[in-house]
Structure formats: structure tokens, C-alpha cells
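Read the structure below first, then the notes.
Counting convention: from 1, in listed order, for ligands and their atoms alike.
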Amino acid sequence: MQRVVLGKDIIWLDEVDSTNVHLAALAMQKVEEGTVVVAKFQTEGRGQRGNTWDSEVAKNLTFSILLRPTFLPVKKQFLVSKVVALAICDTLDCFVSGISIKWPNDIYVGNAKIAGILIENSFSSHIMDTSIVGIGLNVNQTDFADDIPNPTSLCLLTGKEYDLNALLEKLCHTLSNRYSQLISENFDTISKDYFGKLYRKDKYYTYMANGITFRAIIFGVRDSGELLLKTESGDIKSFFFKEISFVHNGH
Ligand code: BTN
């Protein structure tokens, strides 16, 4: 297997608007793949769906890592998401049990969210160029604003405090392993492991699409990222991000 080492260059900042924005500018200046920008505080931390990502000063990991997956066709771009989510699970599995991936790429412990991922890709024709992989992992924060739906942190789960540097190093290591699988085109292993880690994959649950609720079981996730659901009547339906939501009180 081809092996890459990510996180050789780690840039620590006290404060930045968003590590994703900062790293995107560095990527244009041709910094090396694997470069990490990590901030104690982000003034404009960005989440998915145009949301903000709020994190108390110096309590959590908020960082971005630069990938240059120029070997990957655009239509397989979701594999980057899969390896990043798996790498976070690989690290967190060492500390707590019950880690899963809520499709597409939220990291959950039980029914609470411990980490979020925001990946911003650029392309060169039909091939990937850069991936700015932004990760927010709740580590030592124990109080969260009421409007954050269902947050948790490593400290809330274990009662211990964690060294952010050491945790970042571990994440860079598991990211290097998973990204090496991607470079080596072990797509089947990646997809099998990702499916194995999916939140709510073993039973029928309630979902909502186009204002209609229905019960279905997760059938798979395409390399393009579409979620495949099998309804109770046996139909397979596919959904892109934003087209479907998990209904949380539905069983
Ligand atoms: C989500 O909404 O779940 C994604 C959150 C991603 C947050 C991280 S924190 C580091 C990086 N910089 C940002 O501005 N966002 C990502």
C-alpha cells in the first residue's frame, strides 16, 4: 500500500476567521499536501448548510488539513468524506465506545454529535484538485449554547481532560492511514468500513423527504455520496445531502 504522512507541518494560530478559509489561501500558494491549520479560536467558524461552528477558546480542536487528491475523479469525491469520517472514528474509538457516522459525515456518540466535518473541494475538469478538510471536534468543552441541537464532547463522556496537541497528532496519524487506503484505491474496504460505522443502519427508522415522512432502512451509500434507503415496501430510493432528514423522535 502506498503510504502518505499528513500533518508534518502544523500551523497553530491563536485566532483566525475560519481555518478552512485560511488554509484555502495557503493552498493557492502551493503549500504541501498534509499541511494543517489549527486555531484556538475561530471568529467565523463555518458549519455545513451555511451554519456557524461555535467553539469555546482553546477547549476543542478546530482545524483544517489540506489534501490534493488529484488521482480521484470528481464523481468519486465522496470517498474523501468517507476516509475523513472513518479516521475520526478510528481516533475516537480509542477513547469512547458507541462512535458512529451520521450520514453524510457527522460523528456521533449514541444520539449526540461530537464532531463535524466541512470539506470544501476544488476541481480541475473532471479530476479533483484540492480538498480543504475542516474538522471541529468537541474535546474539553462541557457547556454548550442551547441552540446547538445535541452536542457532546470527550470530556462530557469520560470526565477527563485531553491534551489537544496529542489528540491532533493521533488524528493526523489515523487520517494518514485512511488517506493511504484512498491513494491505494482500496475503495471497497473504505466503503465497507464506512457502511459498518453508519448511525441508525441496523433498523427501520423514520425519514422525511419533500415534507413526507416514511420508514426505511439504510441500504448503502454511493461513491457520489447519495444515501440509499430501502422503504418498508422494498423500494430503493436515493437522496443527496439536504434532500432527506432523519426524524429524531420517530422509531
Ligand atoms: C458541521 O456543521 O458539522 C461542520 C463543522 C465543521 C467545523 C470545522 S472547525 C474547523 C474548520 N473551519 C471551519 O470554519 N469549519 C471547520
Side-chain angles (χ1 to χ4, degrees), residues 6-7 9-28 31 34-67 77-78 80-89 91-92 99-122 130-141 144-145 147-154 162 164-165 167-172 175 194 197-199 225 227 240-242 244-246 248:
L6 307 171
D9 296 316
I10 299 186
I11 303 165
W12 274 93
L13 302 172
D14 281 334
E15 187 175 299
V16 71
D17 46 2
S18 152
T19 56
N20 268 30
V21 173
H22 193 86
L23 186 59
L26 292 180
M28 307 266 278
V31 296
T35 301
V36 171
V37 172
V38 51
K40 287 190 184 157
F41 186 67
Q42 298 185 113
T43 53
E44 289 169 52
R46 294 166 18 173
Q48 291 158 11
R49 303 183 154 121
N51 290 328
T52 56
W53 184 260
D54 297 319
S55 176
E56 230 178 88
V57 183
K59 291 273 185 183
N60 302 315
L61 279 174
T62 48
F63 69 100
S64 305
I65 183 158
L66 174 65
L67 302 179
Q77 61 179 287
F78 192 71
V80 175
S81 253
K82 288 184 177 177
V83 293
V84 172
L86 282 170
I88 298 173
C89 293
T91 287
L92 294 180
I99 298 282
S100 66
I101 303 166
K102 183 177 172 213
W103 177 86
N105 54 13
D106 284 344
I107 309 300
Y108 267 49
V109 185
N111 287 310
K113 177 165 167 175
I114 191 165
I117 303 169
L118 178 67
I119 301 182
E120 297 178 284
N121 291 325
S122 69
T130 61
S131 271
I132 309 286
V133 175
I135 297 173
L137 169 63
N138 297 333
V139 184
N140 295 322
Q141 184 167 340
F144 290 90
D147 56 349
I148 302 183
N150 46 352
T152 191
S153 69
L154 271 182
Y162 294 83
L164 296 181
N165 267 301
L167 204 55
L168 179 60
E169 240 176 63
K170 200 166 175 58
L171 279 162
C172 287
L175 270 164
Y194 176 88
K197 271 290 190 190
L198 277 182
Y199 173 75
L227 178 69
F240 278 109
F241 189 42
K242 293 182 184 164
I244 181 99
S245 51
F246 291 66
H248 272 283

Quick one: does [X]'s side chain get under 4.5 Å of [Y]'s, heavy atoms only?
X: V36; Y: I11; answer: no
X: N105; Y: V84; answer: no
X: V38; Y: T19; answer: no

Problem set entry | Flag for N140-E56: side-chain donor and acceptor within less than 3.5 Å | no
For this session: Sequence neighbours left out, what passes side chain to side chain contact (heavy atoms under 4.5 Å, CB included) with K113? Give chain and number order.
Result: W53, D106, Y108, N150
For this session: Using a strict cut-off of under 4.0 Å between a residue heavy atom and any atom of ligand 1, list the qualifying protein residues by chain and number.
Result: S18, T19, N20, Q42, G45, R46, G47, Q48, W53, T62, F63, S64, D106, K113, G116, I117, L118, G134, I135, G136
For this session: For side chain to side chain contact (heavy atoms under 4.5 Å, CB included), just list the numbers for V21 and R46, CA-CA rounded to whole Å, side-chain angles, deciding distance to a tenth of an Å, and then say yes or no.
Result: CA-CA 9 Å; V21 173; R46 294 166 18 173; 3.1 Å; yes
